[in-house]
Amino acid sequence: MTAPTTSLTAGDLAHIDGQLAATDRLLDRNYPGDDGSRQPVHTVYVPADRFTPSFAADWGAQAAATAEAHGGFEKLGRLLGQDAGLAEAVAGRVDTKLRTEPIEDLRLDFEDGFGDRGDDAEDAAAVAAASAVAQSVAAGSAPPFIGIRFKCFEAATRARGLRTLDLFVSGLAASGELPDGLVLTLPKVTTVAQVQAMDYAVSRLEEVHGLPAGRLRFEVQVETPQLILGPDGTSPVAQLPHAVPGRISGLHYGTYDYSASLQISAEYQSMEHPVADFAKEVMQLAVAGTGIRLSDGSTNIIPVGDNVENAWALHGRLVRRSLERGYYQGWDLHPAQLPSRFAATYAFYREGLPAAAARLRNYVERTEGGVMDEPATARALAAFVLRGVQCGAVGTEEVQALAGVGLPQLTALAHPRLATTSNP
């Protein structure tokens, strides 16, 4: 067969490569995609001085007791709109979760949850927090992800926030290896410069303690309108991943600070207010492809007293709403929110599993079905199923039976770039 004739020369191709070299570097460095690791389904906030090595287990016991006092986990499932079969399947998993891993991500709070108690008190609490976290990690009682939220980098609290960060990280470093799931949270960010300052601070801590460059990543809390729309009309939050590439691990939406900043009256401040949805859509666009995770905020309607079932119904609906919109993480503020968090999350993945697995099987086996999925959709299907496995909603044996793929293949389908990188 005669070789086809082309018109573009090798020089033309080299010229185009040169034109796009900067684009190639940008995509490789700034848009690596998700790394495929587990993302917690929630973050629990607690005043820093209340943490003990038994904290997670204590919350799990309180959560289970609340569920039992109000009819059990199956009744909770029905309250959240689950049919009998789904409620039964979810109930056992939630019960197990609260006994084995009731908190996935815990933040010891030195900001709003701690307040201004004076430097001596906060110094002592920061040192004690580092010691308690190190002890709980060594004992195996710590949540998989754990860290602190310190005071923001505005002028009035900057020095205090940096000192607490320093004392905590230095205390952990002195205790030995840093926890694998260490998370640091920078709150009330208003400018790119504050995030660049945080990058400098953690870089210096890495140097001082002999840590690998990039070991100390951090979350940015989006709680101010100035981060969504800057004074020059641009969006600072969209600049963050590129100002400090690879350093930010997540963006967390702050429901009440953000709403209050826009003069939304307290009665209407909510995760589902239009101003919240707008901010979160901007955040979602800003980090698409960067590998930075997103977290929704919290509801302050707590399941206590005579309001337990109404609060559960609200919380479960809000959790489901976030999941449907691509926010796979949120904040919980009270032990009684754990049952509705896990029940709503597990139901989301279990309800979606049969259809997602069937479409994934058809894609892998190249079988014609009612939906013709493209590679991008197949990645989304696999990522959905993988998240369900990682959070405990579904088992790998169920995925194998329904989709015909094991965990390694599922991970490769969800994150093909990682598979290509690891197998050149």
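Computed from a predicted model, the values in this text were never measured in an experiment. Worth knowing before you read on, the calculation uses all heavy atoms, side chains too, and leaves out hydrogens, waters and symmetry mates.
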Exam field: side chain [X] to backbone [Y], donor-acceptor pair closer than 3.5 Å:
{"X": "Ser261", "Y": "Thr224", "answer": "no"}
{"X": "Thr164", "Y": "Gly161", "answer": "no"}
{"X": "Asp332", "Y": "His334", "answer": "no"}

Next on the checklist: Angle between ring planes, His252 versus Trp331, binned at 30° and 60°: parallel, tilted or perpendicular?
Outcome noted: tilted
When you check the side-chain N and O atoms of [X] and [Y], is any donor under 3.5 Å from an acceptor?
{"X": "Arg387", "Y": "Gln39", "value": "yes"}
{"X": "Ser259", "Y": "His273", "value": "no"}
{"X": "Gln135", "Y": "Ser131", "value": "yes"}
{"X": "Gln329", "Y": "Thr43", "value": "yes"}
{"X": "His415", "Y": "Asp35", "value": "no"}

Over 12 non-hydrogen atoms of neighbours within 6.0 angstrom of [atom1] in [X]:
{"X": "Arg38", "atom1": "CZ", "result": "yes"}
{"X": "Asp180", "atom1": "CG", "result": "no"}
{"X": "Arg29", "atom1": "CZ", "result": "no"}
{"X": "Glu272", "atom1": "CD", "result": "yes"}
{"X": "His242", "atom1": "NE2", "result": "yes"}

Which residues share a salt bridge (charged side-chain N to carboxylate O under 4.0 Å, His left out) with [X], sequence neighbours left out:
{"X": "Arg117", "result": "Asp49"}
{"X": "Glu267", "result": "none"}
{"X": "Asp112", "result": "Lys188"}

Next on the checklist: Ignoring hydrogens, what is the shortest heavy-atom contact between Ser141 and Ala56? Give both atom names and the distance.
Outcome noted: O-CB, 4.1 Å
Holding to side-chain hydrogen bond (donor to acceptor under 3.5 Å, both in side chains), I want the full list of residues that pass it with [X], two or more places apart in sequence or in another chain.
{"X": "Thr234", "value": "Asp232, Gln239"}
{"X": "Arg247", "value": "Asp199, Ser203, Glu206"}
{"X": "Lys97", "value": "Glu101, Glu104"}

Between the side chains of [Y] and [X], is the shortest nitrogen-to-carboxylate-oxygen separation below 4.0 Å, so that they form an ion pair?
{"X": "Arg204", "Y": "Glu207", "value": "yes"}
{"X": "Glu351", "Y": "Arg320", "value": "yes"}
{"X": "Arg293", "Y": "Asp34", "value": "yes"}
{"X": "Glu219", "Y": "Arg149", "value": "no"}
{"X": "Asp95", "Y": "Arg93", "value": "no"}
{"X": "Glu122", "Y": "Lys151", "value": "yes"}

Next on the checklist: Can you confirm whether or not the ring centre of Phe384 sits under 6.0 Å from the ring centre of Phe348?
Outcome noted: yes
Item to check | Thr190 vs Gln194, side-chain hydrogen bond (donor to acceptor under 3.5 Å, both in side chains): CA-CA, chis, key distance, verdict | outcome: CA-CA 7 Å; Thr190 56; Gln194 289 173 334; 3.2 Å; yes
